[in-house]
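Quick notes on the structure that follows.
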Amino acid sequence: MKTIALHNILGMAAAALFAAFLSFPALAGSEDFGDYQIHWSVFPSTFLTPEVAKTNNLQRSRSIGVVNISIMQEDANGVISPVSGQVEGKVSNDIQQVKFLAFRRIQEGDSVYFIAQYQYSSGELMTFNVTARPTGYKQELPVRFAHTLFGD
């Protein structure tokens with residue numbers, strides 16, 4: 001029940017992001033690795049309602065961001081589905097201060113995603129270096145992306 005609320009808010013944030021990409025201080029993207037894709041989104045924790053944050057033991061603050069990672073696999077029919085695995089990463093600011101991200105695996109039904117929170121200063125460029133490894137796959141799938149969040 002509690003992950004459903006988080007999944008719904010993450011889904012709403014992603015939909016709103018695409019609908020108003022330029023006005024939202026958020027980021028979403030993906031990288032293709034053949035049969036696998038890594039999808040990510042980054043947004044301020046204040047996008048979460050207080051109820052969703054409390055239910056999922058997440059902090060809401062103008063200085064805390066959320067990074068969401070999903071590992072997706074394309075089958076022989078071209079159908080893309082989420083898969084489980086392991087995600088590790090770190091985030092660094094523009095003066096190279098590095099912080100490790102503590103990803104939590106969340107599964108609800110067939111959906112699997114990994115979420116972590118990090119601290120930032122408004123207007124600070126943050127660079128994410130994330131490595132995902134699908135279950136049963138020996139190769140690590142590295143992604144790197146950068147984004148600047150602004151406090152509301």
Side-chain angles (χ1 to χ4, degrees), residues 3 5-50 52-74 80 82-108 111-152:
T3 58
L6 179 60
H7 179 70
N8 289 341
I9 195 72
L10 293 174
M12 289 187 309
L17 171 69
F18 292 116
F21 186 76
L22 295 177
S23 64
F24 248 146
L27 168 79
S30 65
E31 191 162 330
D32 195 325
F33 294 92
D35 290 343
Y36 292 99
Q37 298 173 4
I38 305 301
H39 293 250
W40 63 83
S41 60
V42 178
F43 54 91
S45 62
T46 54
F47 278 15
L48 301 170
T49 65
V52 168
K54 182 178 180 182
T55 300
N56 291 282
N57 197 26
L58 296 170
Q59 284 187 284
R60 289 182 79 247
S61 170
R62 292 181 186 181
S63 64
I64 295 178
V66 177
V67 58
N68 179 31
I69 304 290
S70 295
I71 306 170
M72 309 296 281
Q73 183 177 26
E74 185 173 352
I80 298 172
V83 296
S84 191
Q86 196 173 13
V87 175
E88 298 175 345
K90 57 187 174 182
V91 61
S92 58
N93 62 14
D94 52 1
I95 60 171
Q96 302 306 309
Q97 293 172 316
V98 177
K99 296 178 183 163
F100 288 91
L101 297 166
F103 282 98
R104 291 190 298 161
R105 180 181 173 274
I106 298 175
Q107 181 166 357
E108 74 179 41
S111 296
V112 180
Y113 49 95
F114 302 84
I115 195 165
Q117 292 192 291
Y118 66 96
Q119 290 193 312
Y120 70 94
S121 296
S122 184
E124 183 175 42
L125 177 66
M126 303 298 285
T127 301
F128 298 83
N129 287 291
V130 175
T131 302
R133 186 180 313 132
T135 300
Y137 192 69
K138 294 181 181 174
Q139 186 176 350
E140 293 182 341
L141 308 176
V143 293
R144 182 174 189 219
F145 51 94
H147 188 61
T148 302
L149 292 178
F150 296 91
D152 42 76

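Each residue takes its place number in the sequence, starting with 1.
- Under the side-chain hydrogen bond (donor to acceptor under 3.5 Å, both in side chains) criterion, Gln96 pairs with no residue, sequence neighbours left out.
- Applying the side-chain contact (heavy atoms from CB on, under 4.5 Å) criterion to Ser30, with sequence neighbours excluded, gives His39.
- Annotation: salt bridge (charged side-chain N to carboxylate O under 4.0 Å, His left out) contacts of Arg133 (sequence neighbours excluded): Glu140.
- Taking the six-membered ring for Trp, Trp40 and Phe145 have ring centres closer than 6.0 Å.
- From Tyr118, atom OH reaches atom OG of Ser63 across 10.5 Å, with rounding to the nearest 0.5 Å.
- In plain terms, the two heavy atoms of Phe33 and Pro142 that are nearest each other are CZ-O, 3.2 Å.
- Heavy atoms of other residues, nucleotides or ligands lying less than 6.0 angstrom from CD of Gln59 number 12 at most.
- Ala132 and Val87 make their closest contact through CB-CG2, 4.1 Å (heavy atoms, listed as atom of the first residue, atom of the second, distance).
- Panel note: side chain Arg60, backbone Leu48; a donor-acceptor pair is recorded below 3.5 Å.
- Using a 4.5 Å heavy-atom cutoff, the side chains of Phe103 and Val67 are in contact.
- Remark: side-chain polar atoms of Arg104 are not paired, donor with acceptor, to backbone N or O of Ile115 under 3.5 angstrom.
- A donor-acceptor pair shorter than 3.5 Å cannot be found between the side chains of Ser122 and Arg62.
- The shortest distance between side-chain heavy atoms of Pro44 and Tyr120 falls below 4.5 Å.
- Scanning for side-chain contact (heavy atoms from CB on, under 4.5 Å) contacts around Gln73 gives Tyr36, Val83, with sequence neighbours left out.
- With rounding to the nearest 0.5 Å, the separation of OG1 in Thr127 from NE2 in His147 is 11.5 Å.
- Summarising the geometry, atom CD belonging to Glu88 is positioned 11.0 Å from atom CZ belonging to Phe114; distances are rounded to the nearest 0.5 Å.
- Looking at heavy atoms from C-beta onward, Ile69 lies in side-chain contact with Val130 at the 4.5 angstrom threshold.
- Sorted by first then second residue, the salt bridge (Lys or Arg N to Asp or Glu O under 4.0 Å) pairs that include residues 27-41, not counting sequence neighbours, number zero.
- Between the CD1 atom of Ile71 and the OG1 atom of Thr135 there is a distance of 7.0 Å, given to the nearest 0.5 Å.
- For Lys90, the side-chain contact (heavy atoms from CB on, under 4.5 Å) criterion is met by Val98, Phe100, Asn129, not counting sequence neighbours.
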Leu149/Met126 under side-chain contact (heavy atoms from CB on, under 4.5 Å): CA gap, chis, key distance, verdict
CA-CA 8 Å; Leu149 292 178; Met126 303 298 285; over 6 Å; no

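- How far CD of Gln119 is from CD of Gln97: 11.5 Å, rounded to the nearest 0.5 Å.
- Put simply, the side chain of Ser45 gets close to the backbone of Ser61: a donor and an acceptor are under 3.5 Å apart.
- Here the closest heavy-atom approach between residue Ala102 and residue Ala116 is recorded as O-CB, 3.6 Å.
- Within 6.0 Å of the CZ atom in Arg105, the count of heavy atoms belonging to other residues, nucleotides or ligands exceeds 12.
- One distance of note links CD of Gln117 with CD1 of Ile64; it measures 5.5 Å at 0.5 Å rounding.
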